[in-house]
Number of protein chains: 2
Amino acid sequence: MTPQKDITIYDLAKELDLSPATISRALKNNPIINAATRKKVMDLAAKKGYRSNAFASNLRTQKTNTIGVIVHELNSYFMTAVLAGIEEVATEAGYDILIAHSNETVAKERTNAHNLFNKRVDGVIASLAYDTEDLAHFEPFIKKHIPLLFFDRTDNNIAATQVVIDNEEAGYIATKHLLDQGCKRIVHATANLKRNVYADRLTGYKKALKKYKLPYNEALVLVNDFKEDTGKLIVESILTMKEKPDGLFVTNDFCSAVCIAELKKAGIKVPKDIAVVGFNNDVVSRMVEPNITTINYPGKLMGRMIAERLVLQLKTKKNINKQEQIIVPSELIVRDSSKRKK
Amino acid sequence: MTPQKDITIYDLAKELDLSPATISRALKNNPIINAATRKKVMDLAAKKGYRSNAFASNLRTQKTNTIGVIVHELNSYFMTAVLAGIEEVATEAGYDILIAHSNETVAKERTNAHNLFNKRVDGVIASLAYDTEDLAHFEPFIKKHIPLLFFDRTDNNIAATQVVIDNEEAGYIATKHLLDQGCKRIVHATANLKRNVYADRLTGYKKALKKYKLPYNEALVLVNDFKEDTGKLIVESILTMKEKPDGLFVTNDFCSAVCIAELKKAGIKVPKDIAVVGFNNDVVSRMVEPNITTINYPGKLMGRMIAERLVLQLKTKKNINKQEQIIVPSELIVRDSSKRKK
DNA sequence: TATTTCTTTGCAATCGGTTACAGAATCAAA
DNA sequence: TTTGATTCTGTAACCGATTGCAAAGAAATA
């Protein structure tokens, strides 16, 4: 029971009395090789269970056919959808993907970036962590002209293609919806305003208020992270407000679900007393009672689009690390958590 | 703006007038190299931004320092916790991890296994997909004496270390809890009985009934997958039963959450009319109303344990692909969805 | 038959790091 | 001063696939 040894092109060459060069060419369907020879090689390779040694190949060709993906989290419907989209396109184009998750911390994001750089991925797709401010760890890719693209959580201070939704518009629509339901005092619970997504949604929120000629009140904007007990904190804040709000726009479905549970515990009716809108259309938004009104955005499509851009950049060597923004559509899905009018 | 060229040990060697061999040794902290020389090399390497070429190294050493992890899904708290545990231990031991998700299908699991095999990972940790029956795609690892370990979703027909909870015991405890709450007619909603986890939980369910001298009624066991609308189907089945059940044991928290929502829609009170117990202690179990009684099991610990075994096997070359079972503790967490007694 | 062209295959260098073995240099002991 | 041990560094082969160039053989043309 000794371990099975790997078959190399040299083994095949010896057995067929050909040179390794011919074997190599035959295996890659190089038309310069005689069809009969090619078939012989292929057959023997299959029979012997030959598999190409990627290291040798990568070393020689200086390519890895691998795309690195850095995500800020894994545990969400949106992210799973994005990954699925990326995978589809990448696989079709002959690339493997390498997933690294930064778990919402720059520290891990930095490590992941270094790792992928050392693994010499051919391209990188990333969504920034919660607290990333300095993007220096992405510079090496740019210096080496390795395609680097961002989706969802991005930053305008880096030369890269980005695939995003129009967060300002989404924030505007969500807020407008609450206003249309008759809300006059809307709490906006969101996260780190250094992240584009949250900053833009806040801008949209402000814009909607302005449109309805309502004053912007900073005290109604609650900035937190979205840890598990953040919902509790938000509701506590709400409960201590002298003038009670009648609307709540949370930029995260998980958190809005917790908020709803906490509000109910406190005897506040949703949507009667407070209408609630979340963000992301996560599965949880359809699980809690009442179902949560939310912003849906197409994860899979975003994944596909960004992977397509990347593959195109790799094939054409054009537009690599050029600042460019692609906006995909998002939509408001109205459910019971915000319905106050017929 | 030409892309930055990579620095190699040859570049460093030339600049320091040393041989590549010395550079290689110095960079790996080989004590045979004079401390002063080593420092010189290290300093220059840092200054020049040298990074080792893993392909060259892997090619020569026939090792990748990479562990492949195949998970059946990504989008759950449990899985994220397991991955975090694996990552901690792996990183500490100098291994990278490579995540592949099979999205609950054998087809992708097979592809992933082949991919990891071709990437020549040093070891593999896997949790089986929903419909995996034939395990042939894992055989290549065993043939090559590459450590292969399973967690959670496993199979007894393959020679591998497995880290699991005592699913039979968990099923027993969950059922017993419902019986203790006065339930007499308990529906067991579960999934593919070919998967150990579901089969064992059913055994536990049966055992509890027997203990309480209640008859086992096959009509009360509903086998489905756990797609998004499965909860709806389960509740529909329940609604059509002539004798209404008073207990529901679902082996998945997401699904049990949907069930609760659907039951409520149908005017059935939880836990008064039907007491519900889920499985996994997913975040959602604390989000829905009432909070769901569930079985908690330690994802991070499982991740750490299995990675520790793997690292040990890699270091010692012992116990590779030996059938062995490690059981980690699980516990019932009682919440409102099942509480009918004080 | 001689010459040219085309097809097919082989030679050998290359990618960058590792390591067994040899050899040089230093120092201590005889 | 010689010998032996010790410490440090270098030489060169190797891992396996790729590819520019040379060359052999076959076929076509003169």
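Order of the sequence lines sets the chain letters (A, B, ...), proteins ahead of strands, with each chain counted from 1. Source: prediction; values computed, not measured.
- In this structure, of D:dA17, C:dT19, C:dT8, it is D:dA17 that holds the atom nearest to the side chain of A:Y50.
- Side chain to side chain, B:T161 and B:Q313 meet the donor-acceptor criterion of an N or O pair below 3.5 Å.
- Using a 4.0 Å heavy-atom criterion, one finds that A:S24 contacts the bases of the nucleic acid, with or without backbone contacts as well.
- In this structure, A:Q62 atom CD and D:dA17 atom C1' are separated by 13 Å, rounded to whole Å.
- Looking at A:T37 and A:L16, their side chains never come closer than 4.5 Å, going by heavy atoms from C-beta outward.
- Note on A:Y10: every side-chain N or O is 4.0 Å or more away from OP1 and OP2 of D:dC14.
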Kindly indicate, with the supporting measurements, whether the criterion salt bridge (charged side-chain N to carboxylate O under 4.0 Å, His left out) is fulfilled by B:E73 and B:R153. CA-CA 11 Å; B:E73 54 146 12; B:R153 302 256 202 102; over 6 Å; no
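- The nearest whole Å value for the distance from the CG atom in B:N53 to the C1' atom in C:dT14 is 13 Å.
- In this structure, the nucleotide among C:dG10, C:dT9, C:dG17 sitting nearest to the side chain of A:T37 is C:dT9.
- Summarising the geometry, the separation between CZ on A:R60 and C1' on C:dG17 is reported as 17 Å, rounded to the nearest angstrom.
- Put simply, the residue from A:D155, A:I158, A:N321 that forms a side chain to side chain contact (heavy atoms under 4.5 Å, CB included) with A:F138 is A:I158.
- The CZ-P distance, from A:R120 to C:dC15, rounds to 13 Å in whole Å.
- Between A:S57 and D:dA17, a side-chain N or O to OP1/OP2 separation shorter than 4.0 Å is absent.
- Both A:A21 and B:R38 lie close to DNA chain D; mapped to their nearest nucleotides by heavy-atom distance, the more 5′-ward contact belongs to B:R38.
- Put simply, A:S19 has no side-chain N or O that comes within less than 4.0 Å of OP1 or OP2 on C:dC11.
- Closest approach to the A:T8 side chain among C:dG16, D:dA17, C:dG10 is made by D:dA17 (side chain taken as heavy atoms from C-beta onward).
- Salt bridge B:K108/A:E87: present, at least one basic N to carboxylate O contact under 4.0 Å.
- Applying the 3.5 Å distance criterion, the base of D:dG10 shares a donor-acceptor pair with the side chain of B:R25.
- As judged by a 4.0 angstrom heavy-atom cut-off over every strand, A:L18 is placed among residues touching the sugar-phosphate backbone only.
- Nucleotide C:dC11 holds its P atom 10 Å from the CG atom of A:D17, rounded to whole Å.
- A straight line from CG of B:L59 to C1' of C:dC15 spans 9 Å, rounded to a whole angstrom.
- Atom-to-atom, CG of B:L12 to P of C:dG16 comes out at 12 Å; the value is rounded to the nearest Å.
- Here C:dG16 presents its P atom at 13 Å from CG of A:N58, a figure rounded to the nearest Å.
- Among the protein residues, B:L27 comes within range of no part of the nucleic acid, since none of its heavy atoms lies under 4.0 Å from any strand.
- For A:N34, a side-chain nitrogen or oxygen approaches OP1 or OP2 of C:dT8 to under 4.0 Å.
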